[in-house]
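For reference, the structure is listed below as structure tokens.
One-based numbering, in listed order, for ligands and for the atoms of each. Because only heavy atoms are used, hydrogens play no part in the values below, and waters and symmetry mates are left out as well, while side chains stay in. Fair warning: this is a prediction, and the values are worked out from it, not measured in the lab.
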Amino acid sequence: MSTYVFGHTSPDSDSIVGAISLSYLKNQLGEDCVPTRQGEISAETEFILNKFGGTLPELKTSVAGEKVYIIDFSDKAQAPKDIMQATILGIVDHHKLGDLTTDTPLECWIRPIGCSNTVVKEMYDYHKVEIPKDIAGMMMCAILSDTVIFKSPTCTKVDTKAVKELAAICGVEDYKALAMEMFIAKSAVNGASARNLNTRDYKMFEMNGSKVGINQLEMVDISVLESRKQELLEDMKKMKEEDALHTVVVLLTDIMKEGSQLLVVSDDESKIEAAFDIKLQNSQAWLPGVLSRKKQVIPFLQPQFR
Ligand code: MG
Ligand code: MG
Ligand code: MG
């Protein structure tokens with residue numbers, strides 16, 4: 001029986017590539033692993049798979065009775081609904097520790113670094129397994145995406161070193177130029193519905209009994225969304241009602257200006273104002289320097305719910 005390897009809901013490039021890179025490693029180590037995904041892939045991930053000839057992992061949203069490895073998350077709210085009926089063999093991640101627990105011993109590789117694929121790179125090195133060219137290219141792109149081309153405060157020396165080594169393996173010299181191409185592919189918003197934009201990189205968190213949904217759009221120029229903010233806020237209100245959420249936050253992150261426009265729909269706006277020491281105007285605020293949801297948003301929001 002195969003073991004399934006997958007990342008979080010609304011999968012980003014780290015989740016998809018991580019499923020592929022971790023499965024390959026486990027297969028080399030004699031385990032029978034299959035990469036899967038919990039949802040549709042982004043334009044950025046499509047760009048990466050096309051660039052390096054990667055295969056799209058199969059869609060799998062139910063895992064009861066299966067053995068699994070999870071990568072790039074450990075929050076129940078980002079797992080398949082029946083995750084507690086699966087056997088989690090291991091977690092590979094770079095986020096805060098979530099609320100998933102297990103009945104059996106497991107392997108854990110959780111590090112406070114820029115990308116799950118950097119952790120996977122360390123696993124390859126630890127096991128002395130050679131990384132194939134195509135997988136190295138995809139891992140490199142996942143790290144460049146998660147670290148916003150090394151600009152994110154989550155980025156560490158381990159990540160930059162991993163990118164350099166992976167670039168040498170896959171034969172890409174100007175990896176920063178490739179990363180810009182990737183972010184431009186990711187920034188395409190023409191013809192996208194408000195719901196599509198609001199769920200592109202959407203994560204739900206349980207904060208002391210309150211459900212908080214946070215979406216992040218990382219773009220090379222957020223001004224193209226200026227005329228659509230009201231529409232986004234209207235749709236956020238609908239999302240809040242549909243899932244009985246306390247708060248919906250959307251971060252429009254401008255990777256060139258290095259900051260995020262915050263959009264908020266909440267039962268209690270004062271919690272968000274207190275978290276970031278700001279005053280919301282029309283449910284919005286500009287957060288200079290904020291690029292990382294995991295390091296600059298969640299740690300400030302979560303204490304407001306205690
Ligand atoms: Mg992720
Ligand atoms: Mg990640
Ligand atoms: Mg990200």
Side-chain angles (χ1 to χ4, degrees), residues 5-22 35-48 57 69-80 91-98 100 108-123 138-156 158-160 162-163 166 179 182-183 185-187 197-205 213-220 222 249-255 258-260 287 290-299:
V5 184
F6 53 87
H8 53 75
T9 47
S10 298
D12 58 0
S13 298
D14 193 22
S15 276
I16 297 292
V17 174
I20 295 170
S21 59
L22 183 57
T36 62
R37 62 187 160 94
Q38 292 197 62
E40 295 315 310
I41 60 165
S42 67
E44 180 194 73
T45 306
E46 207 180 328
F47 173 92
I48 296 171
Y69 283 105
I70 62 171
I71 180 154
D72 203 35
F73 76 101
S74 66
D75 273 280
K76 236 188 247 176
Q78 295 160 29
I91 303 174
V92 178
D93 194 18
H94 68 128
H95 292 84
K96 75 177 177 73
L97 188 58
L100 274 172
C108 266
W109 294 72
I110 303 177
R111 301 250 285 129
I113 56 181
C115 184
S116 298
N117 272 282
T118 307
V119 184
V120 176
K121 167 74 168 62
E122 295 194 308
M123 294 173 74
M138 292 189 280
M139 291 170 72
M140 175 187 78
C141 283
I143 302 170
L144 287 163
S145 168
D146 260 17
T147 61
V148 194
I149 323 181
F150 307 151
K151 291 187 204 186
S152 171
T154 59
C155 186
T156 67
V158 189
D159 300 292
T160 51
V163 164
L166 292 165
M182 182 176 78
F183 273 100
K186 186 182 204 168
S187 302
L197 295 169
N198 275 343
T199 53
R200 276 197 183 177
D201 186 0
Y202 181 69
K203 289 184 181 176
M204 202 142 72
F205 299 89
I214 308 178
N215 181 50
Q216 183 174 30
L217 283 170
E218 289 168 327
M219 301 177 59
V220 286
I222 61 167
V249 169
V250 170
L251 296 156
L252 306 177
T253 299
D254 195 308
I255 69 162
E258 299 192 22
S260 295
L287 301 178
V290 170
L291 293 175
S292 167
R293 167 172 47 196
K294 73 171 70 61
K295 204 160 175 174
Q296 296 170 298
V297 176
I298 313 275

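- Between I113 and E122 there is a side-chain heavy-atom pair separated by less than 4.5 Å.
- With hydrogens and angles left out, the side-chain atoms of D146 and H94 include a donor and acceptor closer than 3.5 Å.
- Shown here are the protein N/O/S atoms lying under 2.8 Å from the Mg ion (ligand 2), water excluded: D14 OD2, D72 OD1, H94 NE2, D146 OD2.
- One distance of note links CD of E218 with OG of S42; it measures 10.0 Å at 0.5 Å rounding.
- Residues V163 and F150 meet the side-chain proximity criterion, which asks for heavy atoms closer than 4.5 Å.
- Atom NZ of K186 sits about 8.5 Å away from atom CD1 of I48, to the nearest 0.5 Å.
- Side-chain contact check for T45 versus D12: every heavy-atom pair is 4.5 Å or farther apart.
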